[in-house]
Participant: 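Quick one: the structure is below, questions incoming.
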2 protein chains.
Amino acid sequence: MLAVVLSVREGRLGVLLWRRGLAPQAGRWALPGGGVARTERLRAAIHRHLAAKVDVRELAHLEQLATHSAVRRDPRGRVLATAYLGLVPDDVEPHLPADTRWHPVDALPTTAFDHRHFIAAAVERLRAKLSYTNLGFALAPREFTIGALRRIYSAALGYEIDATNLNRVLTRRRVIEPTERTAPSGQSGGRPATIYRFCERELTVTDPFAALRPPR
Amino acid sequence: MLAVVLSVREGRLGVLLWRRGLAPQAGRWALPGGGVARTERLRAAIHRHLAAKVDVRELAHLEQLATHSAVRRDPRGRVLATAYLGLVPDDVEPHLPADTRWHPVDALPTTAFDHRHFIAAAVERLRAKLSYTNLGFALAPREFTIGALRRIYSAALGYEIDATNLNRVLTRRRVIEPTERTAPSGQSGGRPATIYRFCERELTVTDPFAALRPPR
DNA sequence: CCAAAAGTGTTCTTACTACACCCATGT
DNA sequence: ACATGGGTGTAGTAAGAACACTTTTGG
């Protein structure tokens, strides 16, 4: 049971890791997680193990990645490990314990066990879903300007996104909508930006067919 | 541990089910599956439980769907159930035990437990991946004509696909390629069809971005 | 010659990209 | 005034859908 919690921090996509104090793998950075109680639901176990790191209410999205049956940390027997992907909006600042930190996913420290692969799978899943679902809602604040959203998408995807086109793609798909309000300009001026919000705050597939679409 | 094995049978997408002889849920149709031994890999367990139904060599593709922790058949405690999606080409005819049959996914009998939902998830996954990967290789024979491939895709997707466009889409993406040979025409004549094959017979993502593509 | 099935050519539509240009605000 | 960031207009591009037309076979 492992949680890959991702969020945009300081303009980069980051993952929540804690530093192991004890053997095995003392000093290495690990994903939060732990065992599942005998009658516990998987989702409940994730929340239980994450409780110290991030409040459940700060998790905007949680989905299952995969279950691995490889022999892991414990050489006595095979441990089933189900990995989850969690997403935190970039405007919430969970209070982190001393051993826990956000690490940019493109500059990871030495990770414990095979956690590097779980992180890679989570990032790949997030990037794919940003393109064909409304998953951006889980990384962005409730309300935002297009410029802010552009920075979030650029950080999450790992390459620059054009604000104009981002706006148009997401508007056409009815993923985001403008509010009546505008944000004040910064110190250096600039036109006040319209404030937008996501229409839905639950995962929706917006562009299911890359090809071979059904006839109309 | 459950296997949703799908294949195109008689022009329709079918799922492999066996009829339960004993309680609970006697008489209902269930997915093949069973427990995982203490030191067994998940994939090995799937193969072990499927052995009586289909030969491993007949499975052209096997991938994990999800793990469910809901209280299932056994009210004594929660059972973790990991579901897999397996695909069988339409030209192989596994020798089926007496209690086992292919059922069209759009006309399912009363299924045991919550197996209906697992089947739905598997079909959805298959249909999505047919659009943006080369997954068709796992439903088609090694070699085929475009007409035959069209029938397979139409059955799997649940709506008619145009042979011309199917050919062009898959060729442009370098998913299929023509051979030098042609298939003889049928009794009623017709131009002999070029025989094609899939370039790769392993899962490859061919069209990862529905939108927000990286700059060139 | 005709029917049948395969394959080609062509047009249309649409979603997206790229980028020039215009707008509103602070200093 | 002018720098700064936001927003609009507008081609251009490419993938795919739709469908007419041509090709090659059997009877």
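Chain naming here is simple, since letters A, B, ... match the order of the sequence lines and numbering starts at 1 in each.
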Participant: Whether B:Arg173 contacts D:dG16 is assessed here as follows: a side-chain N or O lying under 4.0 Å from the phosphate OP1 or OP2. Is that the case?
Facilitator: yes

Participant: Figure out the CD1/C1' separation between B:Ile161 and D:dC19, and round it to whole Å.
Facilitator: 16 Å

Participant: Are any of A:Thr194's side-chain N or O atoms less than 4.0 Å away from OP1 or OP2 of D:dG7?
Facilitator: yes

Participant: Taking CZ from B:Arg191 and C1' from D:dT22, how many angstroms apart are they, rounded to a whole number?
Facilitator: 8 Å

Participant: Rounding to a whole Å, what distance do you find between A:Leu170:CG and C:dT17:P?
Facilitator: 11 Å

Participant: For B:Arg168 and D:dA14, what is the distance between atoms CZ and P respectively, to the nearest whole Å?
Facilitator: 17 Å

Participant: Using only side-chain N and O atoms of B:Thr164, determine if any of them is under 4.0 Å from OP1 or OP2 of D:dA17.
Facilitator: no

Participant: Rounded off to whole Å, could you give me the CG-to-C1' distance for the B:Asn167 and C:dT8 pair?
Facilitator: 10 Å

Participant: In terms of side-chain geometry, is the basic nitrogen of A:Glu93 or A:Arg9 positioned less than 4.0 Å from the acidic oxygen of its partner?
Facilitator: yes

Participant: Are side-chain N/O atoms of A:Thr110 and A:Arg28 paired as donor and acceptor at under 3.5 Å?
Facilitator: no

Participant: Roughly, in whole Å, what's the span from CG in A:Leu166 to P in D:dG7?
Facilitator: 12 Å

Participant: Would you mind telling me which of C:dC16, D:dT25, D:dG16 lies closest to the side-chain atoms of B:Val169?
Facilitator: D:dG16

Participant: May I ask you to decide whether B:Arg213 forms a salt bridge with B:Asp207, counting only side-chain N to carboxylate O separations under 4.0 Å?
Facilitator: no

Participant: Tell whether B:Asn165 reaches the base of D:dA18 with its side chain through a donor-acceptor pair below 3.5 angstrom.
Facilitator: yes

Participant: Expressed in angstrom and rounded to an integer, what is the separation of B:Arg151 atom CZ from C:dA5 atom C1'?
Facilitator: 10 Å

